[in-house]
Amino acid sequence: MRGKTLKSTLSIKGKGIHTGEEARVTIHPSTSGKIEFKRNGVTIPASIDYIVSSEHGTDIGKDGIVIKTIEHLMSAIVGAGLTSLLIEVEGIEIPILDGSSLPFIQMFIDAGFEEIDLSPTPFGPKRPLTIKSEGSLIQALPFDGFSVTYVVSYPHPQLYMQFHTFDSMSRYREEIAPARTFGILEWADELREKGLVKGASIENILLYNKNGPVNEPRFKNEVARHKILDFIGDIGLLSTRPEGYYFIIKGGHKLHLKLAETLGKEVNGAV
Ligand SMILES: [Zn+2]
């Protein structure tokens with residue numbers, strides 16, 4: 001299988017969900033065979049080795065330069081099958097746009113795709129693995145395709161149990177990309193006190209209050225689909241060609257990245 005880049009450069013502008021700050025992202029075609037970010041002259045590879053935080057999103061950094069909340073853009077890249085790009089960021093946080101990865105996918109389609117010779121090696125678990133943490137779980141099995149079943153459960157009547165199974169990357173655009181990030185109104189004050197969600201609004205999240213969704217959901221199980229979107233973005237920091245069979249209960253960026261780290265060590269022969 002060959003690698004894939006864009007045919008032309010594209011550029012977007014918007015504010016970050018956590019910082020509320022405006023940033024411009026310019027995505028260039030490349031032939032490096034890698035996804036690389038660049039900010040203030042520092043090149044940061046899209047790799048688990050450069051993660052600096054996974055608390056409320058996935059942030060990467062190098063030499064004191066940080067780029068925040070890369071997961072939705074990374075997910076779109078993996079979902080579109082892109083394997084080689086240079087992403088220049090002017091600002092600190094990737095724009096949240098509508099809270100999903102669909103605007104990125106649409107821009108990629110507009111820019112066009114081009115095949116390149118260099119191609120990443122497909123990457124997944126070589127043996128069954130279980131990652132657990134405080135009531136959360138990921139089970140990963142070797143599989144020469146890609147399948148994720150995600151179960152979410154939050155202490156909220158509408159979100160007590162939701163799940164989705166996604167098993168063909170060719171359906172990413174229809175099935176996963178439109179699913180927005182979500183929030184629960186009762187959580188908002190606590191997050192704001194922590195200096196987070198400054199850029200969040202009804203325009204970029206699926207919001208729940210105690211009675212149910214405040215704005216119209218795009219899918220009945222949009223929250224579970226969005227968790228798959230996040231997982232694809234995080235696992236994409238190992239390889240833009242992820243493989244494996246994954247069963248996830250109540251996961252999050254931290255658990256996704258713990259799995260990615262364990263898988264990464266396995267391939268380097270350290271486990
Ligand atoms: Zn997300």
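Keep in mind it's a predicted model, so treat the numbers as computed, not measured.
Annotation: Arg173, atom CZ; neighbour count of heavy atoms from other residues, nucleotides and ligands within 6.0 Å does not exceed 12. Around atom CD of Glu134, no more than 12 heavy atoms belonging to other residues, nucleotides or ligands sit under 6.0 Å away. Residue Lys62 qualifies as enclosed at atom NZ: its count of foreign heavy atoms under 6.0 Å is above 12.
A side-chain donor from one of Tyr172 and Ser75 sits under 3.5 Å from a side-chain acceptor of the other. Side-chain contact, Glu88 with His28: a donor N or O sits under 3.5 Å from an acceptor N or O. There is no side-chain donor-acceptor pair under 3.5 Å between Ser84 and Thr5. Side-chain contact of Arg24 with Ser11: a donor-acceptor pair under 3.5 Å is present, judged by distance alone. No side-chain donor-acceptor contact under 3.5 Å links Glu36 and Thr43. Under the 3.5 Å distance criterion, with hydrogens and angles disregarded, no donor-acceptor pair is assigned to the side chains of Thr149 and Tyr245.
Rounding to the nearest 0.5 Å gives a distance of 5.0 Å between CG of Leu185 and CG of Leu207. With rounding to the nearest 0.5 angstrom, the NE2 atom of His253 is 10.5 Å from the CD atom of Glu55. If you take OG on Ser32 and CD1 on Ile116, they are separated by 7.0 Å, rounding to the nearest 0.5 Å. Atom-to-atom distance recorded for Glu174:CD and Ile105:CD1 is 9.5 Å, nearest 0.5 angstrom. To the nearest 0.5 Å, atom CD1 of residue Ile176 and atom CG of residue Leu102 are 12.0 Å apart.
A salt bridge links Asp98 with Arg218: the closest approach of a Lys/Arg side-chain nitrogen to an acidic carboxylate oxygen falls below 4.0 angstrom.
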Please walk me through it: do Asp117 and Arg2 pass side chain to side chain contact (heavy atoms under 4.5 Å, CB included)? CA-CA 6 Å; Asp117 289 331; Arg2 300 182 73 195; 2.8 Å; yes
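For residues 83-103, no pair satisfies ring-ring contact (aromatic ring centres under 6.0 Å, His included), with sequence neighbours left out. The ring-ring contact (aromatic ring centres under 6.0 Å, His included) pairs that include a residue from residues 79-120 number zero, where partners must be two or more places apart or lie in different chains. Residue pairs meeting the ring-ring contact (aromatic ring centres under 6.0 Å, His included) criterion with at least one partner in residues 205-237, sequence neighbours excluded, are His72-His226, His156-Tyr208, Phe231-Tyr246, Phe231-His256.
Aromatic ring centres of Phe182 and Tyr154 lie closer together than 6.0 Å.
The minimum heavy-atom distance linking Ile205 with Arg180 is given by the pair O-NH1, 4.3 Å.
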